[in-house]
J.: 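Sharing a structure, written as C-alpha cells. Questions coming.
Numbers for residues simply follow the sequence, beginning at 1. The analysis underlying the following values was restricted to heavy atoms, covering all of them including side chains, and did not include hydrogens, waters or symmetry mates.
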Amino acid sequence: MHLLCFTFLFLVLYTSAFTSQDYSNALEKCILFFEGQRSGRLPSNQRLTWRGDSGLSDGSGYHVDLVGGYYDAGDNVKFGLPMAFTTTLLAWSVIEFGNSMRNQLDDAKAAVRWGTDYLLKAATATPGTLYVQVGDPNMDHHCWERPEDMDTPRNVYKVSSQNPGSDVAAETAAALAAASIVFKDSDPAYSAKLLHTAMKVFDFADKYRGSYSDSLNSVVCPFYCSYSGYQDELLWGASWLHRASGNAAYLAYIQSNGQTLGANEDDYSFSWDDKRAGTKVLLSQGFLENSIQEFHLYKSHSDNYFCSLVPGSPSFQAQYTPGGLFYKGSESNLQYVTTSTFLLLTYAKYLSTNKGVTQCGSSTLTADKLVAIAKKQVDYILGDNPEKMSYMVGFGPRYPQHVHHRGSSVPSVHAHPARIGCNDGFQYLHSSSPDPNVLFGAIVGGPDNRDNFADNRDNYQQSEPATYINAPFVGALAFFSAE
C-alpha cells in the first residue's frame, strides 16, 4: 500500500486537535531547528539569521578539518555519538516518510547532509582514526556564551585501534549508510561515497572492539556515556549496512553475531545510547516487506516492544503521565517520546504492507492502533495536554519562552556586535526575560511525570532542546501532515 494511501486511511479514523496544515507547519519548524544548531560557516540560504559562523578553526590545532556539524543541545560542544544518532534518525525519517514531506523534503535532506558532511570529515581525516568530539565539555559547561563568541578550548578527541570506540564508530557507520539511501537517486556519487565510508568505519568498529566511554572517560562521561555498551551499535550498524547495500555479507554477520550483540534482549526505550528497540524494528522490515525469513525473530521482538507500550497488555511496562504522555525519565523525557512515536509509525507502515498485526497475549494490535498511540503523543507535544503548552518553540499560541540554549538566550551578534564573555553571559542564563532569539522548532525536554512544566532557563532537565529529540519527530510530523 502506498504511504499516502496508508496515511489517509488512518487519519480519517481519528478526530484531531490539529489539522494536516498544522502538522505541516510543525514539520517546517522541526526541520528549521537544525539550522539553529549548525556549527561552521553558514550558507547564504540560512533562515535563522540571528545565528552566525562559529567553530571555523575546529580541528586546526590538530592539523585536521573538523569544521561543521551540529551542536548537540544548548551548549557549544560537538559530541560525536548523539550527532551520529541524530543523523541516522533524520535519514530514517526521510527514508520512511520523505514522500509525505512535499516542499519540506529538500530542507530535510539538507539537514541530513549537514550531519554527513561533517561525519565524512571525522571518518576520513586520518587513517585508522575516527574523530568523535570537538570541545571540552567541562570547560564549556562553565561558560554561557553564544557559539559565535566561543573562547573555551576546542580540544579534539578521537578513537583508534589503541583506544577503541565501537559504539560511536558503529553509530557513525549507521548514519552514513542510512544517508546513502537518502541520496541514492538525487546524488549517486555522494551516496556511493557515504556507503563506502560507512563500510570502512564499520569494519574499524568491529575489528577494534571497545567502548568509547572506557577510552575517553571524563571527556564523554557523564555527558554521553555509552551505558548500554557497544554491542547494540554493532548490530544496528550492520543492519543499516545490510539495508543500504543489500550485501549478503551483512546478513551473514547479523545471523552469526546477532545473539551476542543483543538480538534476544528486549529493551523498552530507544535513544542515542540504546539502539536495541530500533534495530528490531529496522530488521523487521526485511521480514514484513521483503520476506527475509531470517529476520522473523526481530519481528517477534518488535511485537514485544510495542506490546509493552499498551495498557492492558500482558507485557505492559510503560509509564504514562496523567495526561497520557509516555514517561521514561526526569531528564529530557521527550527524547524517549519522539523516538517511540517514530517507531510506532514506522512499524505501522511495515505491518500495513502485508496486513500484519501484533499479538499481545490474546489481544491483537493492528497498525491503526499503533498510529492512534503515536498520534496522542504527537498531539501532546504540540499542545493538546493539561498545560495547554506546545513543547515546540514557535508553534502554537503558548510555548517555552526561556529555553536552556546559549544561542537563543544571548542577544545575537546583530543586536549586540560586541563580544559577550564567558562569565558575562550568565546574566542571560538567569534572566527572567524571554529569549531574544526564537529557536523555531526546538523541542524542549518537556514536562515531569505529573504533566507539570517549569519554563525556566536554569531548569535544563525540562527546558533544554536537543537534536536527537527533533530528528525522529521529523518523520512523525511528515506522516501526520500527509493528506
J.: What heavy-atom pair brings Gly441 and Asn470 nearest, and what distance separates the two atoms?
T.: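 Gly441 and Asn470 have their closest heavy atoms at O-ND2, 2.8 Å.
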J.: Between the side chains of Tyr23 and Asp379, is a donor N or O closer than 3.5 angstrom to an acceptor N or O?
T.: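 Side-chain D/A pair, Tyr23 to Asp379: present.
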J.: Looking at Glu233, is its backbone amide N or carbonyl O close enough to the side chain of Ser166 to form a donor-acceptor pair, meaning the two atoms are under 3.5 Å apart?
T.: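 Checking the backbone N and O of Glu233 against the side chain of Ser166, no donor-acceptor pair under 3.5 Å is found.
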J.: Keeping the roles fixed (side chain from Ser226, backbone from Gly229), state whether a donor-acceptor pair exists under 3.5 Å.
T.: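 Judged by distance alone, yes, a pair lies under 3.5 Å.
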J.: Does the side chain to side chain donor-acceptor pair (under 3.5 Å) test come out yes or no for Tyr118 and Thr87, once each step is laid out?
T.: CA-CA 10 Å; Tyr118 175 82; Thr87 306; over 6 Å; no
J.: State, without any angle test, whether Tyr320 and Gln377 hold a side-chain donor-acceptor pair at a distance under 3.5 Å.
T.: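 Tyr320 vs Gln377: no donor-acceptor pair found between side chains.
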J.: For atom CZ of Arg419, decide whether the heavy atoms of other residues, nucleotides or ligands shown that lie under 6.0 angstrom number more than 12.
T.: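 Counting other residues, nucleotides and ligands, CZ of Arg419 exceeds 12 neighbours.
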J.: State, to 0.1 Å, how close Ser481 and Leu27 come at their nearest heavy-atom pair, and which atoms those are.
T.: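 Minimum heavy-atom contact is OG-CD2, 4.2 Å.
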J.: Less than 4.0 angstrom from a charged side-chain N to a carboxylate O is my criterion; do Asp232 and Arg276 meet it?
T.: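 Salt bridge between Asp232 and Arg276, a charged N being under 4.0 Å from a carboxylate O: no.
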J.: Is it true that the side chains of Ser302 and Tyr350 contain a donor and an acceptor less than 3.5 Å apart?
T.: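 Side chains of Ser302 and Tyr350: no pair found under 3.5 Å.
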J.: Identify the heavy atoms of Ala125 and Val64 that sit nearest to each other, and give their distance.
T.: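 Result for this residue pair: CB-CG1, 4.0 Å.
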J.: Counting N and O atoms only, with roles assigned by atom type, does the side chain of Gln427 sit under 3.5 Å from a partner on the main chain of Asp424, one being a donor and the other an acceptor?
T.: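 Confirmed, Gln427 side chain pairs with Asp424 backbone.
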J.: With a 6.0 Å cut-off (strictly less than), is the heavy-atom count around NE2 of His196, excluding the residue itself, greater than 12?
T.: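 Not more than 12 within 6.0 Å, no.
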J.: Leu48 versus Val438: any side-chain heavy-atom pair under 4.5 Å?
T.: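 No, their side chains stay 4.5 Å or more apart.
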J.: Does Ser211 offer a backbone N or O that forms a donor-acceptor pair with the side chain of Asp167 under 3.5 Å?
T.: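 Judged by distance alone, no pair lies under 3.5 Å.
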J.: Leu439 versus Gln37: any side-chain heavy-atom pair under 4.5 Å?
T.: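 A side-chain contact under 4.5 Å exists here.
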J.: So, Arg51 side chain and Arg38 main chain: donor-acceptor pair closer than 3.5 Å or not?
T.: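 Indeed, once roles are kept as given, a pair shorter than 3.5 Å links the two residues.
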J.: State, without any angle test, whether Tyr131 and Asp65 hold a side-chain donor-acceptor pair at a distance under 3.5 Å.
T.: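 Not at all, the side chains of Tyr131 and Asp65 share no donor-acceptor pair under 3.5 Å.
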J.: For the residue pair His141 and Phe223, does the interplanar ring angle fall in the parallel (under 30°), tilted (30 to 60°) or perpendicular (over 60°) class?
T.: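 Geometry flag for Phe223 against His141: perpendicular rings.
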J.: Is the cationic atom of Arg47 (NZ for Lys, CZ for Arg) positioned less than 6.0 Å from the six-membered ring centroid of Phe440 and within 45 degrees of its normal?
T.: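 Here Arg47 fails the 6.0 Å and 45° test against Phe440.
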J.: Quick check on the 6.0 Å ring-centre criterion: do Tyr468 and Phe85 meet it?
T.: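 That pair fails the under 6.0 Å test.
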J.: How about Ser271 and Asp274: does a side-chain donor come under 3.5 Å of a side-chain acceptor?
T.: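 Asp274 and Ser271 do not have a side-chain donor-acceptor pair below 3.5 Å.
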J.: Which value, rounded to the nearest 0.5 Å, describes the distance between Glu145 atom CD and Asp75 atom CG?
T.: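 Reported value, rounded in 0.5 Å steps: 11.5 Å.
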J.: If only atom types and distance count, is the side chain of Gln133 paired as donor or acceptor with the main-chain N or O of Gly80 below 3.5 Å?
T.: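 No, Gln133 side chain to Gly80 backbone: no donor-acceptor pair under 3.5 Å.
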J.: Within a strict 4.5 Å, meaning less than it, do heavy atoms of the Arg113 and Asp187 side chains meet?
T.: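 Yes - at least one pair of side-chain heavy atoms lies under 4.5 Å apart.
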J.: Testing the basics here: between Asp451 and Gly323, what is the closest heavy-atom pair and its distance to 0.1 Å?
T.: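 The answer is OD2-N, 2.7 Å.
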J.: For the NZ atom on Lys158, are there more than 12 heavy atoms of other groups (residues, nucleotides or ligands in this structure) within a distance under 6.0 Å?
T.: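 Incorrect, the count does not exceed 12.
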J.: Hey, would you say the Phe326 and Tyr336 ring centroids sit under 6.0 Å apart?
T.: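 No, they do not, as the ring centres are separated by 6.0 Å or more.
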J.: Counting only N and O atoms by type, is there a donor-acceptor contact under 3.5 Å from the side chain of Ser431 to the main-chain atoms of Tyr428?
T.: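 No, the answer is negative, given that no donor and acceptor are paired below the 3.5 Å cut-off.
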J.: Indicate the atoms forming the closest heavy-atom contact of Gly69 with Met83, along with that distance.
T.: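 In this case the closest contact between Gly69 and Met83 is CA-SD, 4.0 Å.
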J.: Could you check whether any side-chain heavy atom of Phe395 comes within less than 4.5 Å of a side-chain heavy atom of Cys30, counting everything from C-beta outward?
T.: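 Phe395 does not reach Cys30 side chain to side chain.
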J.: Determine whether Asp72 and Tyr224 satisfy the following criterion, side chain to side chain donor-acceptor pair (under 3.5 Å), listing intermediate values before the conclusion.
T.: CA-CA 11 Å; Asp72 70 301; Tyr224 290 103; 2.3 Å; yes
J.: Any chance you could lay out the side chain to side chain donor-acceptor pair (under 3.5 Å) test for His404 and Asn459, step after step, and finish with the verdict?
T.: CA-CA 7 Å; His404 185 92; Asn459 180 16; over 6 Å; no
J.: Can the ring centres of Tyr347 and Tyr305 be said to be less than 6.0 Å apart?
T.: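 No - the distance between ring centres of Tyr347 and Tyr305 does not fall below the 6.0 Å cut-off.
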J.: If we ignore hydrogens and angles and just use 3.5 Å, is the side chain of Arg457 paired with the main-chain N or O of Ser463 as donor and acceptor?
T.: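 No: the side chain of Arg457 does not pair with the backbone of Ser463.
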J.: A side-chain contact here means heavy atoms from C-beta on lying under 4.5 Å apart; do Leu66 and Val156 qualify?
T.: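 Result yes, sub-4.5 Å side-chain heavy-atom pair found.
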J.: Without swapping roles, check the side chain of Arg406 against the backbone of Cys143 for a donor-acceptor pair under 3.5 Å.
T.: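 Flag set: sc Arg406 to bb Cys143 pair under 3.5 Å.
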J.: Do Thr346 and Trp92 pass the side chain to side chain donor-acceptor pair (under 3.5 Å) test, and can you show the C-alpha distance, the side-chain angles, and the key distance before you say yes or no?
T.: CA-CA 9 Å; Thr346 299; Trp92 200 3; 5.0 Å; no
J.: State, with a plain yes or no, whether a side-chain heavy atom of Leu325 is found less than 4.5 Å away from one of Pro447.
T.: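 Of all side-chain heavy-atom pairs linking Pro447 with Leu325, at least one is under 4.5 Å.
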J.: Would the number of heavy atoms belonging to other residues, nucleotides or ligands and lying under 6.0 Å from NZ of Lys121 be above 12?
T.: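 Counting neighbours around NZ of Lys121, more than 12 heavy atoms of other residues, nucleotides or ligands fall under 6.0 Å, so yes.
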J.: Just verifying a value: how many Å separate Ser24 OG and Asn103 CG, rounded to the nearest 0.5 Å?
T.: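 The CG atom of Asn103 is 6.0 Å from OG of Ser24, to the nearest 0.5 Å.
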J.: Might you work through the ring-ring contact (aromatic ring centres under 6.0 Å, His included) test for Phe270 and Phe342, ending with a clear yes or no?
T.: CA-CA 10 Å; Phe270 177 43; Phe342 177 82; 7.9 Å; no
J.: Between Ala108 and Val94, what is the shortest heavy-atom contact and its length?
T.: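 Result for this residue pair: CB-CG2, 3.9 Å.
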J.: For the pair Arg41 (side chain) and Leu56 (backbone), establish whether a donor and an acceptor sit closer than 3.5 Å, ignoring hydrogens and angles.
T.: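 Flag not set: sc Arg41 to bb Leu56 has no pair under 3.5 Å.
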J.: Tell me, do Asn155 and Tyr62 make a side-chain contact under 4.5 Å, heavy atoms counted?
T.: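 Touching, per the 4.5 Å side-chain cut-off.
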J.: Answer yes or no: does atom NE2 of His430 have more than 12 heavy-atom neighbours from other residues, nucleotides or ligands under 6.0 Å?
T.: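 Correct, the count exceeds 12.
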